[in-house]
Amino acid sequence: MDTFSGKTAVITGAASGIGFAMAERFASEGMRVVLADIEEAALDSAVERIVATGAEAIGVVTDVAKADDVAALAERARTEFGGIHVACNNAGVFAGGLLWEESLADYQWLMDVNVWGVIHGIRTFIPIMLEQDTECHLVNTASMAGLTAMPFAGIYHMTKHAVLGLSESLFHELAVSSDKVKVSVLCPEVIKTGIANCDRNRPAEYSKEGDVVETDARQLVMDSMNEALEGGIDPSVMADRVVNAIRSDTFYILAEDGWRDTAYQRMDDIREGRNPVLAPPV
Ligand SMILES: NC(=O)c1ccc[n+]([C@@H]2O[C@H](COP(=O)([O-])OP(=O)(O)OC[C@H]3O[C@@H](n4cnc5c(N)ncnc54)[C@H](O)[C@@H]3O)[C@@H](O)[C@H]2O)c1
């Protein structure tokens with residue numbers, strides 16, 4: 001897709017971080033933007049900031065874990081702006097700890113938002129795009145965690161591997177189904193966002209008493225995440241990469257730092273039949 005102006009973008013998880021940066025960037029390209037998020041107050045102020053630039057934007061409170069919410073989001077976008085040309089399945093959450101200590105609520109929450117959120121997005125937006133039969137692009141936010149597997153963040157890695165696999169299969173399916181509907185997968189490295197504080201929006205249904213346990217490992221991971229994110233890359237860099245990838249029809253939107261070496265190390269281990277070597281990104 002070469003031209004963005006006058007077209008419509010829908011972004012989930014758009015009240016903060018990478019989602020907001022993408023919404024801001026699409027708006028600056030002349031797109032109408034539909035921001036979706038579970039956090040209503042943050043969503044309202046995100047929409048206000050974009051509207052203040054003179055762009056057309058609306059906010060739709062959406063829980064991406066719920067298929068009906070994502071369907072209603074798409075309906076609002078079509079009713080208000082007449083179509084959907086770019087859709088970003090971006091909302092995501094994180095939990096850390098040892099896999100055998102983490103709660104069922106953690107497993108369910110990350111699966112529901114990070115994986116089912118993307119599934120609902122694919123099942124909702126792709127049929128609309130195919131029916132429109134105009135140039136369209138879907139962007140799924142995975143992570144470099146989808147190409148690597150570190151300790152203490154196993155649930156997150158699992159969900160991001162799922163997003164990567166889903167996206168690759170979708171790429172092949174679209175290649176034989178349409179010459180107008182494309183997909184990319186965004187795999188950020190460490191970005192300065194609010195994800196280490198994602199518990200701020202954790203719905204009560206995932207916080208069953210006695211299940212979410214504050215283990216030492218969990219605390220350690222969340223503390224080091226906070227520290228790492230402080231020195232992370234500005235989210236606007238991800239927005240630039242996404243716009244460039246849509247323009248050039250590039251599928252893999254990968255990190256440009258040591259995370260790539262960590263991913264290559266894993267692939268080499270698989271190719272050579274070695275046990276996994278722990279190679280944190282440097
Ligand atoms: N920050 C990083 O270092 C990093 C690295 C790789 C991948 N990512 C991915 O980037 C995406 C965006 O995260 P971010 O880092 O900008 O974090 P963020 O916390 O700043 O933004 C995430 C947004 O998603 C929203 N959200 C959470 N649950 C939701 C739900 N059920 N339905 C709708 N919205 C929901 C939050 O309210 C928040 O506004 C996520 O998929 C994350 O996994 C982030």
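Given the structure is predicted, the values throughout are model-derived calculations rather than measurements. One-based numbering, in listed order, for ligands and for the atoms of each.
Only the side chain of Val113 comes within 4.0 Å of ligand 1, counting heavy atoms alone; its backbone N, CA, C and O stay farther away. Using a 4.0 Å cut-off between heavy atoms, Met144 makes no contact with ligand 1 at all. Of the heavy atoms in Val64, both backbone and side-chain atoms come closer than 4.0 Å to ligand 1. Only the side chain of Tyr156 comes within contact range of ligand 1, with a heavy atom under 4.0 Å; no backbone atom does. Under 4.0 angstrom from ligand 1, there are no non-hydrogen atoms of Leu186.
Linking ILVMFWY residues whenever their side-chain heavy atoms come closer than 4.5 Å, directly or via other members, leaves Val139 and Leu130 in distinct clusters. Residues Leu43 and Ile18 share a single hydrophobic cluster, defined by chaining ILVMFWY side chains whose heavy atoms lie under 4.5 Å apart.
Taking both residues in full, the closest heavy atoms of Phe81 and Ile58 are given as CE1-CG1, 4.0 Å, listed atom of the first, atom of the second, then distance. Asp2 and Glu135 get closest at one heavy-atom pair: N-OE1, 4.1 Å.
At the top of the distance list for atom 18 (P) of ligand 1, counting protein heavy atoms only, stands Ser16 OG, 3.6 Å. Protein heavy atom at the shortest distance from atom 1 (N) of ligand 1 is Thr193 OG1, 3.0 Å. Regarding atom 29 (C) of ligand 1, its nearest protein heavy-atom neighbour is Ile38 CG2, 3.6 Å. The protein heavy-atom contact nearest to atom 11 (C) of ligand 1 is Asn90 O, 3.1 Å. Scanning all protein heavy atoms for the shortest distance to atom 9 (C) of ligand 1 gives Thr141 CG2, 3.6 Å. Here the protein heavy atom with the shortest distance to atom 44 (C) of ligand 1 is Ile18 CD1, 3.8 Å.
Near Val190, meaning under 4.0 Å from any of its heavy atoms, are these atoms of ligand 1: 3 (O). Interface of Leu229 with ligand 1, defined as ligand atoms under 4.0 Å from a residue heavy atom, comprises 3 (O). Ligand-side atoms of ligand 1 in range of Gly92: 40 (C), 41 (O), range being under 4.0 angstrom from any heavy atom. Taking a cut-off of under 4.0 Å to the non-hydrogen atoms of Asp63, the atoms of ligand 1 that pass are 30 (C), 31 (N), 32 (N). Close contacts between ligand 1 and Val93 involve ligand atoms 27 (C), 28 (N) [criterion: under 4.0 Å to a heavy atom]. Atoms of ligand 1 found under 4.0 Å from any heavy atom of Gly13 (numbered from 1 in listed order, with element): 23 (C), 24 (O), 25 (C).
No heavy atom of Met238 sits closer than 4.0 Å to any atom of ligand 1. At a 4.0 Å cut-off, at least one heavy atom of Thr62 sits close enough to ligand 1 to count as contact. Contact analysis puts Glu189 in contact with ligand 1, with a non-hydrogen atom separation below 4.0 angstrom. Between Ala142 and ligand 1 there is a heavy-atom distance shorter than 4.0 Å. Within the structure, ligand 1 lacks Lys66 among the residues with a heavy atom less than 4.0 angstrom away.
The closest side-chain heavy-atom distance from Leu186 to Met238 is below 4.5 Å. Annotation: side chain of Glu256 is in contact with side chain of Arg241 (closest heavy-atom distance under 4.5 Å).
With hydrogens and angles ignored, the 3.5 Å screen pairs no side-chain donor or acceptor of His85 with any backbone N or O of Lys7. Using modelled atom types, no side-chain atom of Thr250 and backbone atom of Tyr252 make a donor-acceptor pair closer than 3.5 Å. In this structure, the side chain of Asn114 engages the main chain of Val93 through a donor-acceptor pair within 3.5 Å. With Arg266 contributing its side chain and Pro276 its backbone, the two residues share no donor-acceptor pair below 3.5 Å. Between the side chain of Thr124 and the backbone N or O of Gly121 there is no donor-acceptor pair closer than 3.5 Å.
Only one option out of Ile246, Ile84, Leu170 pairs with Leu138 in a side chain to side chain contact (heavy atoms under 4.5 Å, CB included); it is Leu170.
Side chain to side chain, Tyr206 and Asp106 fail the donor-acceptor criterion of an N or O pair below 3.5 Å.
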Please determine whether side chain to side chain donor-acceptor pair (under 3.5 Å) holds for the pair Ser167 and Asn140, giving the CA-CA distance in whole Å, both sets of side-chain angles, and the decisive distance to 0.1 Å.
CA-CA 7 Å; Ser167 305; Asn140 293 330; 3.0 Å; yes
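Residue Ala65 places no N or O, backbone or side chain, under 3.5 Å from any N or O of ligand 1.
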